[in-house]
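The block underneath contains the structure these notes are about, expressed in structure tokens.
Each ligand, and each atom within it, is numbered from 1 in the order the structure gives.
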Amino acid sequence: MKQILVTGGTGYIGSHTAVELQHKSYEVIVADNLSNSSLDVLDGIEQITGKRPLFEQIDFAKDQACRDFFAKYPNIEAIIHFAAYKAVGESMEQPIKYYRNNLLGLMNILEAMSHHGIKHLVFSSSATVYGQPELLPASEKAPFQPATSPYGNTKQISEEIIQDCLQADPQLSAIALRYFNPIGAHASALIGELPLGVPNNLVPFITQTAIGIRGKLKVFGTDYNTPDGTAIRDYIHVVDLAKAHVYAIERLLNNQFQTPFEFFNLGTGKGRSVLEIIQCFERVSGVKLPYELVGRRPGDVEQVWADTELANRVLGWSAQSSLEETLLSAWNWEKNYRAKNQ
Ligand code: UFG
């Protein structure tokens with residue numbers, strides 16, 4: 001059994017990826033500082049897969065803790081590095097918190113990889129690196145746009161840091177996966193997205209409104225240059241996204257990569273407007289969503305969706321779930337979680 005380290009493994013995407021790795025018989029070490037997730041997630045992973053992953057509570061931004069961790073686990077073959085802060089608005093208010101955590105964590109991990117001969121890294125990147133692309137769909141060749149938030153900047157800088165480290169150490173190889181908008185939850189409704197406080201993202205806000213925790217959804221911006229005036233994104237089922245990480249890990253472990261650093265967009269290739277998401281959610285849930293149309297949210301791009309050709313052809317992966325089943329999974333998770341935690 002090959003051992004894979006999943007940093008941020010109790011988080012939203014990390015936990016779904018741990019499940020997919022265990023389905024493929026990898027031995028998973030979940031490592032997380034639990035700053036934005038809880039140990040209960042391990043129960044969910046265990047219930048789904050029949051196996052509890054190894055777990056360590058650790059902050060990879062702390063040098064000594066990171067060194068101790070890798071000394072304790074000498075058999076790691078590859079790392080999927082999710083552990084990072086991800087709230088765009090918070091990063092504007094507390095930029096140092098973002099640069100410190102997201103960049104130090106990555107640098108400590110890269111240093112440990114060279115030191116311990118761990119060759120392969122899959123890195124959680126983001127479509128945010130493209131900003132508002134000039135051409136749609138956004139391909140991996142689209143140039144980086146100046147980041148609109150410190151969070152986005154950490155993703156751009158992280159890709160550059162990885163590039164430099166790969167040049168310095170020819171043993172290393174890495175794949176950056178650039179996520180579009182991950183939504184939904186595992187079909188079992190045992191793991192899912194659990195934002196702390198008021199959700200920033202559209203789908204958790206929708207499900208929390210539908211269940212009665214939030215009064216009304218605000219639709220940010222109705223004057224965009226799009227068919228219905230609301231902003232367009234590429235919403236992808238988190239389980240499809242998680243599966244792509246297994247493809248990336250296998251590509252690295254089997255030395256199938258063409259260059260030491262590869263980049264793939266993870267999206268569906270379809271753009272949906274905010275109003276389309278609301279309508280689809282109402283249809284699948286049977287719940288009428290109270291919402292109001294308000295002004296644009298600062299920092300939002302107008303429209304972006306993925307060119308998935310490279311991921312389809314080279315990685316051999318494509319998103320499978322329909323928007324209906326994806327939104328239904330988000331709704332089932334919300335209902336199940338609230339029923340259990342009343
Ligand atoms: N939106 C609303 N109302 C809400 C929340 C969101 O109308 O209450 C709209 C936003 O204005 C946007 C769309 O829904 O048009 C999607 O917003 P999200 O916050 O769900 O997602 P973003 O596209 O803004 O953010 C995502 C990731 C970030 C990443 C960013 C850019 O969550 O991590 O894409 O790639 F940085």
Side-chain angles (χ1 to χ4, degrees), residues 8 11-14 36 82 84-92 98 102 124-133 136-138 140 142 144-159 176-184 193 195-210 213-238 241 265-268 270-281 289-306 323 326-327 330:
Y12 175 43
I13 307 174
N36 192 24
F82 293 104
Y85 294 143
K86 61 171 187 176
V88 175
E90 186 188 53
S91 79
M92 312 270 224
Y98 275 68
N102 294 8
S124 287
S125 190
S126 169
T128 196
V129 300
Y130 302 126
Q132 176 59 66
L136 285 167
E140 288 80 355
F144 280 12
Q145 303 278 0
T148 53
S149 71
Y151 159 76
N153 209 17
T154 68
K155 292 298 175 192
Q156 295 191 352
I157 297 170
S158 291
E159 288 198 10
L177 298 175
R178 294 176 178 158
Y179 312 149
F180 283 69
N181 287 56
I183 61 166
E193 189 170 11
L196 283 181
V198 183
N200 295 308
N201 296 117
L202 179 63
V203 172
F205 205 104
I206 286 179
T207 57
Q208 290 195 9
T209 305
I213 298 174
R214 311 282 156 211
K216 208 186 257 183
L217 171 75
K218 290 189 169 90
V219 175
F220 296 131
T222 53
D223 59 350
Y224 287 112
N225 185 22
T226 60
D228 66 20
T230 63
I232 292 177
R233 298 286 182 277
D234 185 338
Y235 297 90
I236 175 169
H237 197 307
V238 67
L241 193 84
N265 285 341
L266 298 184
T268 65
K270 290 197 195 80
R272 319 276 191 163
S273 73
V274 177
L275 289 179
E276 279 179 282
I277 297 294
I278 293 173
Q279 282 151 11
C280 185
F281 178 82
L289 211 58
Y291 68 86
E292 60 179 327
L293 307 175
V294 301
R296 295 183 181 194
R297 184 171 69 175
D300 273 349
V301 299
E302 180 170 275
Q303 45 188 326
V304 61
W305 65 92
L323 183 63
T326 308
L327 286 171

Just jot down the ligand 1 atoms closer than 4.0 angstrom to any heavy atom of Asp300, in number order. 10 (C), 11 (O), 12 (C), 15 (O), 24 (O)
Under 4.0 Å from a heavy atom of Ala231: give me the atoms of ligand 1 that qualify, with their elements. 15 (O)
The answer for which part of Val203 has a heavy atom under 4.0 Å from ligand 1 is neither
Using heavy atoms and a threshold below 4.0 Å, how should the contact between Tyr151 and ligand 1 be classified: side chain, backbone, both, or neither? side chain
Can a non-hydrogen atom of Tyr235 be found less than 4.0 Å from any atom of ligand 1? yes
Parallel under 30°, tilted from 30 to 60°, perpendicular over 60°: which one fits the rings of Tyr98 and Tyr151? perpendicular
Applying a 4.0 Å heavy-atom criterion (strictly less than), which segment of Val274 is in contact with ligand 1: side chain, backbone, both, or neither? side chain
Heavy-atom pairs closer than 4.0 Å: do any link ligand 1 to the side chain of Tyr291, the backbone, both, or neither? neither
Which atoms of ligand 1 have any heavy atom of Ala127 under 4.0 Å away? 35 (O)
In ligand 1, the atoms that come under 4.0 Å of a heavy atom of Val219 are 7 (O)
Can you confirm whether Leu241 sits close enough to Tyr12 that some side-chain heavy atom of one is under 4.5 Å from a side-chain heavy atom of the other? no
If the cut-off is 4.0 Å to any non-hydrogen atom of Leu217, which atoms of ligand 1 fall inside it? 8 (O)
Per-atom filter on ligand 1: closer than 4.0 angstrom to a heavy atom of Lys218 are 2 (C), 3 (N), 4 (C), 7 (O), 8 (O)
At a non-hydrogen distance cut-off of under 4.0 Å, which region of Asn181 contacts ligand 1 (side chain, backbone, both, or neither)? side chain
Examine the proximity of ligand 1 to Val88 and report which part, side chain or backbone, both or neither, has a heavy atom under 4.0 Å away. side chain
Kindly indicate whether the side chain of Glu193, heavy atoms from C-beta on, has any atom under 4.5 Å from the side chain of Asn201. yes
